[in-house]
Amino acid sequence: MSTPRSLNNLIEALRVLPGVGPKSATRMAFHLVQRDQDGAGRLAQSLVEALGTLKHCRHCNTFTEADVCDICSDEQRNHALLCVVEMPTDLMSIEHTRSFEGLYFVLMGRLSPLDGIGPKDIALNQLLQRASDGNVEEVVLATNFTTEGEATAHYLAEMLRARGLKVSRIARGLPVGGELEHVDPGTLAQALIERRGL
Amino acid sequence: MAKGGAKDRGAKNRINDHPAFVLHQYAYRETSRLLDVFTRDYGRQTIYARGVQRPGSQVRSVLLSFQPLLLSWFGAGEVKTLHAANWQPGLPQLSGLPLLCAFYINELLQNLLIKDEPHPDLFVAYFDAIKALALCSADAREVEPILRLFEKALLLELGLGLDWQSEADGLSAINPMQRYQFVAQHGFVPSEAIDACSGHLILQFAGNDMRDEALWPWAKAWMRQSLALLLGDRVLHTRQLLLDLQRI
């Protein structure tokens, strides 16, 4: 028996999701059309709605439905502090801590020279414009502590410093409540190298 | 019996605690990664690291580029499977310009080393280069000699090394008072041209002595021309990134 065309299309479409191969896609497709048609309808509708309404915030580049996102339009926040992150999920993680009062900029990626991702492939020019708006005094680089995140931080630091901005990098070291005995040796070694004066 | 046989074959293809560096890694499926590693005795290998992308994975923080590791893996096919990874102390994590230079070195290896070909001497040169980069100060000029000496070791390993002490004809020794023109893959030809390099500097490079900064632009040009022969029309993204950075 050949698979109906529309079912085949659905299976193929589900394969765009990360980590979903032909088998998982087939399982998902059958689940949607056989067991949860309501859920399938909501999924289809949400996809169309998200694609139709979501755009990038004019200021911080994260996803939003308005021209400017809620965080950027919040007058209470510190407009002199700008935190640069790789992805919207990183922004959400920092927001979750409720310990940062400034604004954000989302690069939507990172420099990865070995994957051929260079400065033109992430939102560097937009960040430059954003950081030179006259209000920003300090840029906090919160890219990941992977080698690519570090390379991105270095590139951004050089670029922003050349324009007279103060640049800082989030700290790394032992986790909060971390006991030396249980922490991985690489983290501990780096914490000793990057020790701070008291 | 069959089971025992498979086990024996597995044991034969198992490598334990072997010195290696991760050159690059790619996300694979939802929770795994494919590692491109440079090992001491087995050259470049592709190793499948199952489940390292999971939140609680202990191995993920160990699988860092530019950190000496001891890797254990098994498998007979082209892609091996990671069994264990242990971080080795000694090198601070790279940052800043030395980090970008280390990416450049990795990109060279990814482009020029064939998988499964052992290069133990080059592994030592790689280790030395990464160590020197990790110990660099903020002075951008410190990276130059490190990169040139690694490129020289790489060319030697790939069969494009030159006898830096003799002229291209192989008969006469480089004369420190004479000037020479460089011809990639061939060597140094005596030249009266005003822009030719003095034999004195060539002999310094022959002895891996990079103290004289007058040598640096020459060595860079020689290495660039020689590597271009190996790279063909392949573009080095890290080289472009370093150029972009200079223009800032």
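By convention in this document, chain letters (A, B, ...) are assigned in the order of the sequence lines, proteins followed by strands, and residues within each chain are numbered from 1. Since the model is a prediction, treat every value here as computed from it, not as a measurement.
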Counting only heavy atoms not in [X], do more than 12 fall under 6.0 Å of its [atom1]?
X         : atom1 : value
Glu95(A)  : CD    : yes
Lys166(A) : NZ    : no
Ile114(B) : CD1   : no
Asp70(A)  : CG    : no
Glu213(B) : CD    : yes
Arg50(B)  : CZ    : no
Arg29(B)  : CZ    : no
Glu101(A) : CD    : no

Subject >> Leu114(A) vs His237(B) side-chain heavy atoms within contact, under 4.5 Å >> reply: no
Subject >> Any Leu100(B) side-chain heavy atom under 4.5 Å of His154(A) side chain >> reply: yes
Is it the backbone or the side chain of [X] that comes under 4.5 Å from a heavy atom of chain A, or both, or neither?
X         : result
Tyr26(B)  : side chain
Leu94(B)  : backbone
Tyr104(B) : neither
Gln93(B)  : both
Leu245(B) : both
Pro92(B)  : both

Any idea which heavy atoms bring [X] and [Y] closest together, and the distance?
X         : Y         : result
Leu99(B)  : Ala151(A) : CD2-N, 3.4 Å
Trp87(B)  : Ala189(A) : CH2-CB, 3.5 Å
Glu150(A) : Ser95(B)  : OE1-CB, 3.2 Å

Original post:
Measuring heavy-atom distances to chain B, does Glu194(A) have an atom under 4.5 Å in its side chain, in its backbone, in both, or in neither?
Top reply: neither
Subject >> Arg161(A), part contacting chain B, at a heavy-atom distance under 4.5 Å >> reply: neither
Which distance, rounded to the nearest 0.5 Å, do you find between the [atom1] of [X] and the [atom2] of [Y]?
X         : Y         : atom1 : atom2 : result
Arg247(B) : Glu158(A) : CZ    : CD    : 15.0 Å
His24(B)  : Ser112(A) : NE2   : OG    : 4.5 Å
Ile117(A) : Leu241(B) : CD1   : CG    : 11.5 Å

Original post:
Most heavy-atom pairs under 4.5 angstrom with chain A, which of Asn106(B), Leu64(B), Leu97(B)?
Top reply: Leu97(B)
Original post:
Looking at Glu107(B), Gln58(B), Gln67(B), which makes the most heavy-atom pairs under 4.5 Å with chain A?
Top reply: Glu107(B)
Original post:
With chain B, which of Gln190(A), Met159(A), Glu148(A) has the greatest number of heavy-atom pairs at distances under 4.5 Å?
Top reply: Gln190(A)
